[in-house]
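Since this is a predicted model, take the numbers as computed values, not measurements. Residue numbers start from 1 in every chain, and the chains themselves are labelled A, B, ... in the order their sequence lines are given, proteins ahead of strands.
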Amino acid sequence: MLFPELEIVEIAPGAVLLRGAAETVAEELLSQIQSVINASPLRTVMTPMGKPMSVQMTNCGAVGWVSDRTGYKYEQIDPLTNVRWPKIPAVFQTFATAVAARAGFEDFAPDACLINRYAAGSKMGLHQDRDEQDFMQPIVSVSLGLPILFNFGGVQRSDKTIKVELQHGDVVVFGGVSRLCFHGVGTLRRGEHPLTGGYRFNLTFRRAC
DNA sequence: GAGTCTCG
DNA sequence: CACG
């Protein structure tokens, strides 16, 4: 998979925005997202402090990221269906590996893909992705549908954040010295996107195990 | 133990 | 909206 003429924005050392990298595969990705949702439906999860998250989520892969009263963790079995999460669709796997390589991370082989659906009012506070085994492996985040403001900070929650608008088809890859940086997104504003309607979908690819 | 959270 |  090649990305000619790709605009690359360096957000921080080890963190890049590949502008529009997913545009040409967006419809395929969305179609596969629907297949995953058909097998493992979107659901609202509780944070360990007892508040519901504003996004709806599901997963595909050998393990899926879940949150409940007991904490954050990766699970092999979807607690909603009590069977394994759907496999990561081939187009997801190929695309994630390709964009990671384009960002300088060769041989990225994700075993988990978190699917978050944002509706108007959904947001994601500053957090670290630190439930994975190997922090040498990067995070690949794909934005589809409505735009949202991305906040990317440092390894301390109090570090100041850089803000960048993520548009349909944008891909952020972060790893290396940025792997444990705090990040999040602002509140999704209501809108209409030709492919996703009033929603934004985010795919987060990780090597969890 | 803190926390993808909320609150002041 | 940023901070804590």
Gap in Å between the two C1' atoms, one belonging to dG1(B) and one to dC5(B), rounded: 16 Å

Ring geometry between F205(A) and F92(A) (parallel below 30°, tilted from 30 to 60°, perpendicular above 60°): perpendicular

Side chain of S158(A) - closest among dT6(B), dG3(B), dG4(C): dG4(C)

Nearest-Å distance for atom pair CE/P, residues M49(A) and dC5(B): 7 Å

K123(A) vs dC5(B): side-chain N/O to OP1/OP2 distance below 4.0 Å: no

Any-strand Watson-Crick or G-U partner of dA2(B), both distances under 3.5 Å: none

K160(A) NZ to dC1(C) P, straight-line distance once rounded to whole Å: 18 Å

Sugar-phosphate only, base, or nothing, as touched by G184(A) at under 4.0 Å among non-hydrogen atoms: nothing

Length of the CZ-P vector between R157(A) and dG4(C), whole Å: 12 Å

K51(A) or P48(A), whichever maps to the more 5' nucleotide of DNA chain B: P48(A)

Identity of whatever pairs with dG8(B) - Watson-Crick or G-U, under 3.5 angstrom: dC3(C)

Touch class at under 4.0 angstrom, heavy-atom based, for K163(A) against every strand present: sugar-phosphate

Whole-Å distance separating the NE2 atom of H127(A) from the P atom of dT6(B): 14 Å

Check: S141(A)/N202(A) side-chain N/O donor and acceptor closer than 3.5 Å: yes

R207(A) side chain vs A109(A) backbone, donor-acceptor pair below 3.5 Å: yes

Interatomic distance, N151(A) CG vs dC5(B) C1' [rounded to whole Å]: 16 Å

Length of the CG-P vector between N116(A) and dC5(B), whole Å: 10 Å

Distance, rounded to the nearest Å, where L126(A) contributes CG and dC3(C) contributes P: 9 Å

d(CG, L149(A); P, dC1(C)) in whole Å: 9 Å

NZ or CZ of R179(A) within 45° of F135(A) ring axis and under 6.0 Å: no

Within the 6.0 Å centroid threshold, strictly below: F152(A) and F182(A): no

Touch class at under 4.0 angstrom, heavy-atom based, for G50(A) against every strand present: nothing

